[in-house]
Amino acid sequence: MRAMHLPSDHPLLLRIVDDLATCGWSQQNFFLPGPLTLALAAECRKRAAEGELAPAAVGRGPSQEVREGIRGDHIQWLEPGQAESCDQYLNLMDSLREALNRGLFLGLEDFECHFALYPPGAFYRKHLDRFRDDDRRMVSAVIYLNPEWLPEDGGQLRMTLKGDVEHDVQPIGGCLVVFLSGDIPHEVLPAQRERLSLTGWFRRRGNEPF
Ligand code: OGA
Ligand code: MN
């Protein structure tokens with residue numbers, strides 16, 4: 001696989017920027033190339049098999065705790081330099097970060113992301129991706145890694161849009177969903193089979209105390 005970078009004026013990135021500006025969210029069903037989707041799925045499964053994924057916690061700081069009645073996924077945060085497929089993905093997300101900064105002047109400085117594996121029966125109750133005491137997360141980006149998925153497999157991402165309209169996304173491999181972290185409540189419906197994804201957040205600089 002070659003280095004995966006897109007110019008920040010690539011039509012695919014411009015479409016996402018435009019969708020975010022007009023609606024606050026964007027869905028691109030064919031964002032990730034097939035081979036990269038497969039490589040990332042394999043990497044996620046490998047890490048799961050090696051016991052590197054841990055039950056995800058809810059909240060931040062000292063009040064953080066694992067609560068399976070709220071979210072039942074297992075996660076591992078990504079670092080650069082761990083695997084070629086992960087670095088390709090991080091490069092793509094950096095291209096998207098540049099495009100968002102150019103088009104929307106968001107001042108996004110970094111990107112944090114994790115693999116997520118929902119075992120059968122797991123879900124994530126309705127929430128916003130912004131913490132009460134930390135508003136650095138501006139834009140959420142979820143990429144799905146499941147080679148095939150049927151509606152009866154569950155696990156849809158359900159977003160609550162303007163006017164309380166609900167929009168469901170099937171977690172099908174290669175699909176990218178991007179939305180404004182503070183604006184769009186969303187949930188993951190119970191998955192009937194193992195569901196893999198990469199979830200990340202573009203962040204602006206925080207108001208650090210001096
Ligand atoms: C999250 C989340 C959505 C998804 O991890 O905060 O909402 O579809 N994930 O995996
Ligand atoms: Mn979320």
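Since the structure is predicted, the reported quantities are computational estimates derived from the model, not experimental observations. Atoms within each ligand, like the ligands themselves, are counted from 1 in listed order. The residues of the chain are indexed from 1 along the displayed sequence.
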### Message
List ligand 1 atoms under 4.0 Å from Trp201, heavy atoms only on the residue side.
### Response
6 (O)
### Task
Classify the contact between Phe179 and ligand 1 as side chain, backbone, both or neither, using a heavy-atom distance cut-off of under 4.0 Å.
neither
### Task
Would you please say whether a donor-acceptor pair under 3.5 Å links the side chains of Gln27 and Asn29?
yes
### Message
Heavy-atom distances under 4.0 Å decide this one: backbone, side chain, both or neither, for Asp129 against ligand 1?
### Response
side chain
### Task
Test the Arg195-Tyr118 pair against the cation-pi criterion, namely NZ or CZ under 6.0 angstrom from the six-membered ring centroid and within 45° of the ring axis.
yes
#### Entry: Flag, side chain of Arg97 to backbone of Leu108, donor-acceptor distance under 3.5 Å
yes
### Query
How about the Mn ion (ligand 2), which protein N, O or S atoms come within less than 2.8 Å?
His127 NE2, Asp129 OD1, His186 NE2
### Summary
Nearest non-hydrogen protein atom to atom 5 (O) of ligand 1, with distance, is Thr199 CG2, 3.6 Å
### Asp153 side chain to Arg193 backbone, donor-acceptor under 3.5 Å
no
### Message
I'd like to check which ligand 1 atoms, numbered from 1 as shown, lie under 4.0 Å from a non-hydrogen atom of Tyr144.
### Response
4 (C), 8 (O)
### Task
Considering the heavy atoms of Tyr124, write down every atom of ligand 1 situated less than 4.0 Å from one of them.
1 (C), 5 (O), 6 (O)
### Task
Specify whether Trp25 and His167 have parallel, tilted or perpendicular ring planes, treating 30° as the upper limit for parallel and 60° as the lower limit for perpendicular.
tilted
### Task
State whether Glu109 and Arg136 are salt-bridged, where the test is any N-O pair (Lys NZ or Arg NE/NH1/NH2 against Asp/Glu carboxylate O) under 4.0 Å.
no
### Heavy-atom closest contact (Glu68 atom, Phe123 atom, distance)
O-CZ, 3.8 Å
#### Entry: Val188: numbered ligand 1 atoms lying under 4.0 Å from its heavy atoms
3 (C), 4 (C), 8 (O), 10 (O)
### Message
For Arg60, is the CZ atom crowded, meaning more than 12 foreign heavy atoms sit under 6.0 Å from it?
### Response
yes
#### Entry: Over all atoms of both residues, closest heavy-atom pair of Ala57 and Arg71
O-NH1, 3.4 Å
### Query
For ligand 1, is there an N or O atom under 3.5 Å from any N or O atom of His186?
yes
### Task
Please report the shortest heavy-atom distance between Leu14 and Ser8, naming the atom on each side.
CD2-O, 4.0 Å
### Message
Would Glu98 and Arg102 count as a salt bridge (charged side-chain N to carboxylate O under 4.0 Å, His left out) here? Give the steps.
### Response
CA-CA 6 Å; Glu98 275 175 25; Arg102 289 221 176 153; 5.2 Å; no
### Query
Which ligand 1 atoms, with their elements, are less than 4.0 angstrom from a heavy-atom of Leu157?
3 (C), 8 (O)
### From the candidates Arg71, His127, Arg195, the one that places a heavy atom nearest atom 6 (O) of ligand 1
His127
